[in-house]
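Down below is the structure, laid out as structure tokens.
These values consider heavy atoms only, across backbone and side chains, with no hydrogens, waters or symmetry-generated copies. Note that ligands are numbered from 1 as they come in the structure, with each ligand's atoms numbered from 1 the same way. Bear in mind the structure is a predicted one, so any value in this text is a computation, not a measurement.
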Amino acid sequence: MNLLDQPAFVALQRMKAQELALSLSQRFALEPRRFTEFCLPFGEHMQVDFSRQLWSSDVKAQLCKLARDMDLNSPIQALFGDNLLNHTEERAVLHTVLRTPADITVLLKGTNVVPFVHHELARIKVFCQQVHSGEWRGFNGQTITDVVNIGIGGSDLGPAMVTEALACYQDKGIRAHFVSNMDGAQLAQVLQQVDAARTLFIVSSKSFTTDETMTNARAAREWFLAACGNAVDVKKHFVAVSTNTKAVQAFGISSDHMFEFWDWVGGRFSLWSAIGLPIALTLGFESFEELLAGAHAMDLHFQDTPFEKNVPVLMALLSIWNINVLGLRSEGVFPYCQALKRFPAYLQQLNMESNGKRVNNQGEKISHNTGPIVWGEVGTNGQHAFFQLLHQGSQVVPADFIGFACSSYNYPEHQRKLLGNMLAQAEAMAFGKNYNQVAKELTCEGLSTEEVAKLAPYKVMPGNRPSTTVLCDELTPYNLGALIAMYEHKTFVQGIIWDINSFDQWGVELGKKLAARLIDDLADKAETTDHDSATNGLVAQIKKWNLAFKD
Ligand code: F6P
């Protein structure tokens with residue numbers, strides 16, 4: 001199974017020098033059909049252009065052979081049925097069921113799990129209707145105007161990103177707020193903006209033990225009680241989303257006000273479940289269903305399309321080519337769409353928590369590179385910050401540009417300029433500007449030969465920097481669902497090729513344990529001596545400066 005031993009991978013490594021001998025400029029000059037060949041449609045609303053990647057049809061064929069040799073189709077099919085893909089936590093991985101239509105059967109250990117999903121969806125729908133119609137009211141009879149989601153990681157990033165992305169679909173008169181951080185500043189800022197009598201708190205946590213979430217939830221409940229004064233009214237203002245019924249009840253939220261999901265849904269894959277409640281409450285249940293429908297369409301494409309035309313599979317295989325053969329270990333994602341401001345942060349958890357692993361499925365240390373550093377920012381803001389490095393830096397960062405032909409806002413001039421900028425950045429990365437072009441331009445501007453020789457080297461843009469452009473007609477719930485599912489499946493395929501479990505996250509545990517000890521140390525009047533000298537020294541200084549810890 002080792003990637004490095006795969007004949008197709010060895011062949012790809014051998015092809016590297018020859019492939020790099022041709023630049024993107026040369027390739028486009030030699031291949032008039034390059035765009036047609038490498039730009040793939042997904043349905044009628046989305047297309048993904050891979051033509052500006054540093055590859056050829058030979059590389060593509062070899063990558064698809066690699067996927068076939070590694071029997072990629074088996075884990076893909078497993079993702080849609082009974083499986084134990086998350087073997088280190090002894091859990092199935094079935095987030096795709098969350099967007100599966102009701103008339104389809106998916107058996108897990110002999111039980112069809114699709115009805116569970118649709119039962120919970122029906123509860124969400126009823127709850128949304130109650131809130132939207134004003135049937136659900138707060139303690140003094142007023143309707144709900146604000147929803148505060150308290151959760152972190154997968155219980156925050158997905159719903160926060162989608163709610164913001166589809167803000168222009170929000171027509172239910174409900175504002176969403178998100179509190180995730182252990183820094184009380186975030187909770188304080190949100191609480192300043194809301195009225196306790198008209199606010200619904202959603203405590204969202206798969207485990208219902210995450211310290212940030214429970215600390216914020218307790219503080220929110222205290223704040224609510226201070227404003228309303230009556231413990232029986234908590235039930236009108238607090239609901240929970242979790243897999244842990246006991247802990248939800250222990251917090252004081254009854255099962256009637258708890259929306260359930262299941263241990264076969266990983267936190268970072270959970271926005272399609274009741275974790276998406278803030279989405280349904282702010283956009284309406286119909287938009288939430290559209291989001292699910294878009295993701296389901298991508299699931300079908302992923303499951304049924306030959307690798308050569310399978311968009312998420314090709315995205316993943318290209319990242320294997322870039323990371324493992326070309327040595328490009330970081331991936332930039334640049335949505336030219338302000339509404340997708342949180343999309344890079346969402347993708348960071350999705351990909352880096354999934355594939356930031358160094359041990360394979362047999363528990364052995366892996367000898368090749370795995371998960372890339374994923375980062376990004378919306379265009380055009382990024383252009384005025386770090387794009388300099390993308391164009392002229394010593395590191396090459398493959399980029400995903402994401403754009404929408406039509407804007408949901410009526411600023412046609414902005415939209416034209418926004419898209420013009422996106423296309424220009426991809427063009428500049430791919431083709432750059434060579435010394436002769438720069439020298440000619442400077443000469444035309446009237447610079448002397450000496451001045452040209454002095455300035456030109458700084459202005460040369462090497463080009464030949466790979467990018468993919470994802471283009472949609474519009475940012476609709478359906479298209480967003482498909483886009484997110486596309487990146488989920490890319491992440492999954494990367495994990496399969498690298499032979500890692502993309503569904504656990506043991507790496508976050510040590511920090512949590514150490515934090516618990518240090519939180520106690522900070523409250524301890526005695527000097528802290530049982531850590532390394534740096535930690536002890538920093539604890540002492542914090543205690544010296546923050547006298548509150550001494551009380
Ligand atoms: O600490 C990492 C993590 O476990 C993520 O995987 C998860 O999305 C997040 O914490 C929140 O977990 P929970 O939903 O259980 O509060």
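For the pair R268 and Y346, the NZ or CZ position fails the cation-pi test of under 6.0 Å to the six-membered ring centre and within 45 degrees of the ring normal. For the pair R99 and W272, the cation-pi test (distance below 6.0 Å, angle within 45°) is passed. Geometrically, R221 does not engage F238 in a cation-pi contact, judged by NZ or CZ lying under 6.0 Å from the ring centre and within 45° of the ring axis.
For atom 12 (O) of ligand 1, the nearest non-hydrogen atom from the set T210, V203, I150 comes from T210.
Of the heavy atoms in Q505, only side-chain atoms (C-beta onward) come closer than 4.0 Å to ligand 1.
Applying the 4.0 Å criterion to heavy atoms of I152 picks out, from ligand 1, the atoms 9 (C), 11 (C). Taking every heavy atom of G153 and a limit of under 4.0 angstrom, the matching atoms of ligand 1 come to 8 (O). Below 4.0 Å from some heavy atom of G154 lie the following atoms of ligand 1, by number and element: 7 (C), 8 (O).
A donor-acceptor pair is defined here as one N or O able to donate and one able to accept, closer than 3.5 Å; such a pair exists between the side chain of R123 and the backbone of M258. Counting only distance, with no hydrogens or angles, the side chain of T111 and the backbone of V113 share no donor-acceptor pair below 3.5 Å.
Here D233 pairs with K236 in a salt bridge; the nearest charged N to carboxylate O distance falls below 4.0 Å.
Where the criterion is an N or O separation shorter than 3.5 Å, residue side chain and backbone included, K512 meets it with respect to ligand 1. At least one N or O atom of S207, backbone or side chain, sits closer than 3.5 Å to an N or O atom of ligand 1.
Protein heavy atom at the shortest distance from atom 5 (C) of ligand 1 is E353 OE1, 3.4 Å.
The shortest heavy-atom contact between T100 and H296 is CA-ND1, 4.1 Å.
Within the 4.0 Å heavy-atom cutoff, E212 does not count among the residues contacting ligand 1.
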